[in-house]
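Below is one structure, written out as structure tokens, with a few remarks after it.
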Amino acid sequence: MPELKDQTYWLEKARTLPLEGRAFIDGAYVDAQSGATFTSYSPIDGAPLAAVAQCASADIDLAVAAARRSFEAGVWSAISAQARKAVLLKWAQLLETHTRELALLESLDSGKPIADTTGGDLPGTIYCLRWFAELIDKVHGEVPAIDPQFFGTVTHQPLGVVAAVVPWNYPLLMAAWKFAPALAAGNSVVLKPSEKTPLSALRIAALGLQAGLPAGVFSVVCGDGQAGRALSLHTDVDCIAFTGSGKVGREIAKNAASSNLKRVWLELGGKSANIVMADCPDIPQAARSAAAAIFANMGQVCSAGSRLLVQRSIADTLITELLQAAEHYQPGHPLDPASVTGAIIDSVQLDQVCRYIEIGEHEAQLLTGGRTLTLAGTGAYLQPTIFLAHDANARIANEEIFGPVLTVIVFDTLDEAIAIANQTEYGLAAAIWSSDISTVHNATRRLKAGTVWVNCYDELVDMNFPFGGFKASGNGRDNSAHALSKYTELKSTIQRCR
Ligand code: NAP
Ligand code: MG
């Protein structure tokens, strides 16, 4: 991690930072065919950052055609595994060399604290790219034991053209979780970042070319939901990998079915339950962890611990500790390296979160926060907010808010806690805090969630673990070797030998 400079350094660097807003198609930066642009704003203060190419169907067609051409030419899909690995490792190295510039770009475009982008988003993106690069030449097929008159293999082959449509909360990291395994498997990729945060994806495309990615293998198209929609309907896209809202995910699945039945991988929302039993080994630690689980990244995290379930006998103690821990997450200027949280992505998202705060004021007890703050220009900042629910069926206890709003629910028995944890449509993550091994095993087995933490929350960033959801939180998994196989087809080859 680079040395964290002071706010003056970052503000000065921001003034001279080059911003590329053109799409990256077939190895070059290009304007949209129509010449149309939209403005990318900084959530920090609402200032315009760059005019960005507004890609429409014609531009998507070009990017997909370039991806198809490069795929069929074999310039990436049919080179040796070691050659692909070398290019992705070089790309990761270039991202590392440019960490400060990319972290600043990410903070400016998304309002995330510079400490997070330098210490989390960029290292996480680089780690992901390196991890999948390293995996490329360690993939094996199968040779089943069969009738000796035959010889057969089961092999993985790349799918072809993979479209990746990603959100604004971790722009580069969510993109890398898709493009790293897809490229590692030998596919050509068309990436569509969110219109709210397109700049970092555009910048890394040039670094990919510099690292040796052939033209057409990695393109970045910008634009609003229509650009993503065109990708989901495109008949020459073989697979669409999406992270975002359930509403859009469902639409993508329908579009895929009604076009060419492209493979669809969805990572959607969550309303994750963090359960603290009375025999929790360390209540102050559980409180600090519960605060981090919901307030980090301003609560704009799909796996945020947005519901804190606490057993009645320790509820008062835990809540007292929690209120203290929440103070650490008061927002600050995102370019101040001391800031732990920054801006909400935009006023639309702020309004959505504030509507839930209003609902919460009617159906629950506000324990702290709930107010917006003015820190810079028209930037949207919000206090860390905690409600105590009177009823586990309250809307704020079941619907995804995607902001710094925690709902505390008191329960009596483990069975009751598990029933509450499993009652939402989601199933992304959960946690259980207990000193009793039987309680832990009982809970981890019954919680319907893709990730379950025990006596911690959202810890251990390790690519070996698949990430994704049960139920309406999506299908398939990002990260781990399981993610690589999402971007391949299995082929059975059977040969008669005599
Ligand atoms: P979103 O509105 O669903 O947008 C996600 C992406 O889809 C953006 O690039 C968006 O483009 C694009 N899009 C919009 N309409 C589309 C359409 N009709 N067809 C195809 N693509 C379309 O979600 P968001 O507001 O960016 O992100 C917040 C949501 O993502 C939350 O619900 C959160 O839980 C979820 N999330 C999940 C995970 C996970 O791993 N499970 C991770 C992060 C976020 P534009 O922005 O340009 O409109
Ligand atoms: Mg922006």
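Just so you know, ligand 1 is whichever comes first in the structure, and atom 1 is the first atom listed for that ligand.
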Worksheet, complete the sentence: Contact set, ligand 1, heavy-atom distance under 4.0 Å, ordered by chain/number, equals Val165, Val166, Pro167, Trp168, Asn169, Met174, Lys192, Pro193, Ser194, Glu195, Gly223, Asp224, Gly225, Gly228, Arg229, Phe242, Thr243, Gly244, Ser245, Val248, Glu251, Ile252, Glu267, Leu268, Gly269, Cys302, Glu400, Phe402, Leu428, Phe467
Discussion item. Please check this pair: side chain of Asn187 against backbone of Leu159, looking for a donor-acceptor N/O pair closer than 3.5 Å.
Written reply: yes
Worksheet item: Is it true that a side-chain atom of Gln383 and a backbone atom of Thr385 form a donor plus acceptor pair closer than 3.5 Å?
Response: no
Discussion item. Given Ile240, which partner from the list Val264, Val162, Val161 fulfils the side chain to side chain contact (heavy atoms under 4.5 Å, CB included) test?
Written reply: Val264
Worksheet item: Once you round to the nearest 0.5 Å, how far does CD of Glu20 lie from CG of Leu202?
Response: 7.0 Å
Worksheet item: Between Asp26 and Leu62, is there a donor-acceptor pair closer than 3.5 Å when you use the side chain of the first and the backbone of the second?
Response: no
Item to complete: Check the pair Ser200, Asp109 against side-chain hydrogen bond (donor to acceptor under 3.5 Å, both in side chains), reporting the backbone distance first and the verdict last.
Response: CA-CA 8 Å; Ser200 55; Asp109 212 9; 5.9 Å; no
Worksheet, complete the sentence: Given a cut-off of 2.8 Å, the protein N, O or S atoms lying below it from the Mg ion (ligand 2) are Tyr41 O, Asp109 O, Asp109 OD1, Lys196 O
Discussion item. I'd like to know whether the aromatic ring centres of Tyr41 and Trp168 sit less than 6.0 Å apart in this structure.
Written reply: no
Worksheet entry | Heavy-atom side-chain proximity of Asn260 to His234 below 4.5 angstrom | no
Worksheet item: Where do Asp45 and His333 land on the side-chain hydrogen bond (donor to acceptor under 3.5 Å, both in side chains) test, with the steps shown first?
Response: CA-CA 9 Å; Asp45 52 9; His333 192 290; 6.0 Å; no
